[in-house]
**Student:** 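Here it is, the structure, as structure tokens.
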2 protein chains.
Amino acid sequence: MSVEEKQKPQRNDRVTIRTVAAHAGVSVAAVSKVMRNAYGVSDALRARVMDAIEALAYRPSRAARGLRGRSFTIGVLLIDIRNPFLPEVIAGVNGVLAPSHYQAMIGVSDARVQLETSLIESMIDYKMDGLILVAPRLPSEILAKFAVQIPIVAVGYHDANATAFDTINADDQRGAEIAVEALLACGYRDIEMLSLGERQGHAVSVVRQREIGFRRAMQRGGLGSSPAIGKIPIASPKREEAMRKFLSRKDRPRAVFCWSDLDAITLLSLAMEMGVRVPEDLAVIGYDNSSTAALGLVNLASIDQSGRELGQIATRTLISRIEGRTAAEHIFQIPSLVSRNSLIRSGNSKNTR
Amino acid sequence: MSVEEKQKPQRNDRVTIRTVAAHAGVSVAAVSKVMRNAYGVSDALRARVMDAIEALAYRPSRAARGLRGRSFTIGVLLIDIRNPFLPEVIAGVNGVLAPSHYQAMIGVSDARVQLETSLIESMIDYKMDGLILVAPRLPSEILAKFAVQIPIVAVGYHDANATAFDTINADDQRGAEIAVEALLACGYRDIEMLSLGERQGHAVSVVRQREIGFRRAMQRGGLGSSPAIGKIPIASPKREEAMRKFLSRKDRPRAVFCWSDLDAITLLSLAMEMGVRVPEDLAVIGYDNSSTAALGLVNLASIDQSGRELGQIATRTLISRIEGRTAAEHIFQIPSLVSRNSLIRSGNSKNTR
DNA sequence: GACGAGTTGTAGAACGTTCTCCATATAACG
DNA sequence: CGTTATATGGAGAACGTTCTACAACTCGTC
């Protein structure tokens, strides 16, 4: 009687691990072992279970998995989805994950610390197996605190002293240096950097790193002890305003290095509107080598840091940490310059290749 | 003795609902009630529990929630993260969700049906509360099958007969008509459309809808019974090749309507390289009114469908479905034209505002 | 033929919630 | 005072996995 009643409550149609076990005539634990390919299953048993899984189209519940063990999901946190650099990183992550049984879930923080925190917490609450944070805003101590709860890899976050989490970066200081060196090689001496407005980013941010590299290269080139760095606000009306002001300055420099293609492209656009010729009146180098920069219409010279590659490396690093590594890793990629017409015109006005 | 032992196993540091209950001196069920603000809690109890939650910084485990009830998460599935239209939709979704206790998790399918399916299944397995699918590739029957398991809203998917899920669309047929009408109004008669290569998209896709609108408007304008629609491959080497071929055609039309800004902008770029003047030799209208189109450098006329608004509406619609609505809703937004220099030059070459 | 060492399978207790009853206390009413 | 309604709190069974013990069996080996 009571046994009868125990069998019955199969009311719902969801195929669970129990359904599979019954169908294969084995225990629940056996099925679980096969799923996780754990130690101690004979080939015969494995085959029988696999058949049942196939036949019933069984999918383990991620929610239930998360409750007890791992969820085979990794979380990716993006600061901002508009910057074309970020999609590249995602592409890299997905590329590495595709053949594995892991999957990526993405959260977008819109650069708001509050939202960033709550998304990280949510991902932890989902028992995700690890996190890739792209250019997080949170200070290192907080990240370290999260890192004891979940494996973390930070991309675009310069803290080579972090012991609790890994960092994957392009060498942003070097990238800025390369830009300055290229401008110097073209004969420019009158160089400024356009960086991101005050509030944004702390010392570990890519922006600040690029400023450091810029200063160093300028000093090394003998161009003064405190080279000029302009700040461009991030939000839209003030942003264009600041750029116009820069462009119409009497003492406008002959060359400018922008912290991001995003700004460089808008600058190019405004320059055209205001009749400032590029590169004759103003040479421009951007950062990220986004697809828009490569357009013949835009033709913006830019520092290339392969976002895709960064994403791939970050993913591999995270997986190795999930699988047990505890010593922190800090990886650097060396960026390179892609020269285009905004730096030096190549013969006619056509795109070089 | 046995009571003692029951208290002890607090080995781990995670704050669970039990910790809160103990701290507040109430039952687990009471805390749960407060969390879900369910019926049957006095103000006094609520206050006490809230204090405990505050004091312990308690966060309910989403994994555990998912196992039993709802997870307060909605899944967003993007076909492709590179198209600048998608980030807008996300912004809309996040905007609506921010003040609520829901959160969005995003998956990227890279337009691969296989991956799309497995991401949807994963989201179901996570017991997410609902799904927003943006321009899904899956056929309607499959979507309907998923929709019995989880509330679904599809954006950019034209199936007004679907009964199992909701659809939110800009009226893509109308958008294409508007483009054609604008070209006609400018005096052009020699008009073609550049659409997306064969394989991509079925009848319900936005691309096909735009083709239908294009044809209708052309016929209505008295321009032949089967107006020309060129197909541009999506992948990179062939894509540019096809555009160059179009641009160098002897019988190239005087005006072209592109299914997406993505293609229109590349076309503009190649036109410049090949010495085809825009709009004198060729007028171009794109679709999506992306931020790149608005750049002075690009100055591409485009059909505007507010992705942000679409995202907002989709989210509200989904929530109403989660909360019990069962009748399907199919919502249409009317797009509009943003005229720029690629359609008709405004006085000097500067950007209009 | 008894005894360790492997190997293969199973029982059943977690994991942290939700949610359906139930029990109790209080109020309302004749 | 009973009796009935209503409001409030609690016990405890799910939910679908993982994973630790442990049982059962097969081999050598002395």
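Order of the sequence lines fixes the chain letters, A, B, ..., with proteins taken first and strands second; residue numbering starts at 1 for each chain.
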**Student:** Have a look at the helix from C:dG1-D:dC30 to C:dG30-D:dC1 and give the angle its two end axes make, five pairs each, rounded to 10 degrees.
**Tutor:**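 Axis-to-axis angle, ends of the helix: 50°.
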
**Student:** Less than 4.0 angstrom between a side-chain N/O of B:Y126 and OP1 or OP2 of D:dC15, yes or no?
**Tutor:**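 Answer no for this pair, as no side-chain N or O of B:Y126 is under 4.0 Å from OP1 or OP2.
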
**Student:** Could you go over nucleotides 21-25 of chain D and give all protein N or O partners under 3.5 Å, atom names and distances?
**Tutor:**
none

**Student:** Using only side-chain N and O atoms of B:R36, determine if any of them is under 4.0 Å from OP1 or OP2 of C:dC19.
**Tutor:**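 Answer is yes, contact under 4.0 Å.
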
**Student:** Would you mind checking if A:D125 and B:R14 are paired as a salt bridge, meaning a charged N to carboxylate O distance below 4.0 Å?
**Tutor:**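 Yes, charged N to carboxylate O under 4.0 Å.
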
**Student:** Is A:R68 near enough to D:dG16 that one of its side-chain N or O atoms lies under 4.0 angstrom from OP1 or OP2?
**Tutor:**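 Answer no for this pair, as no side-chain N or O of A:R68 is under 4.0 Å from OP1 or OP2.
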
**Student:** What I want to find out is whether A:R59 reaches B:E121 closely enough, with some N-O distance under 4.0 Å, to be called a salt bridge.
**Tutor:**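 Salt bridge between A:R59 and B:E121, a charged N being under 4.0 Å from a carboxylate O: yes.
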
**Student:** Less than 4.0 angstrom between a side-chain N/O of A:S27 and OP1 or OP2 of C:dT10, yes or no?
**Tutor:**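 Yes.
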
**Student:** Should we count CD of B:Q114 as having more than 12 external heavy atoms under 6.0 Å?
**Tutor:**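 No.
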
**Student:** Which part of the nucleic acid, if any, lies within reach of A:S32 when heavy atoms closer than 4.0 Å are counted: base, sugar-phosphate only, or nothing?
**Tutor:**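 Counting heavy atoms under 4.0 Å across all strands, the contact made by A:S32 includes a base.
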
**Student:** Using OP1 and OP2 only, check whether a side-chain N or O of A:S42 sits under 4.0 Å from C:dG9.
**Tutor:**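 A:S42 to C:dG9 OP1/OP2: side-chain N or O found under 4.0 Å.
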
**Student:** Can you tell me if the side-chain N/O atoms of B:S61 get under 4.0 Å from OP1 or OP2 in C:dC15?
**Tutor:**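 No, no such contact exists.
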
**Student:** Looking only at side-chain N and O atoms, does B:Y39 come under 4.0 Å of OP1 or OP2 in D:dT6?
**Tutor:**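 So the side chain of B:Y39 is outside the cut-off, no N or O lying under 4.0 Å from OP1 or OP2 of D:dT6.
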
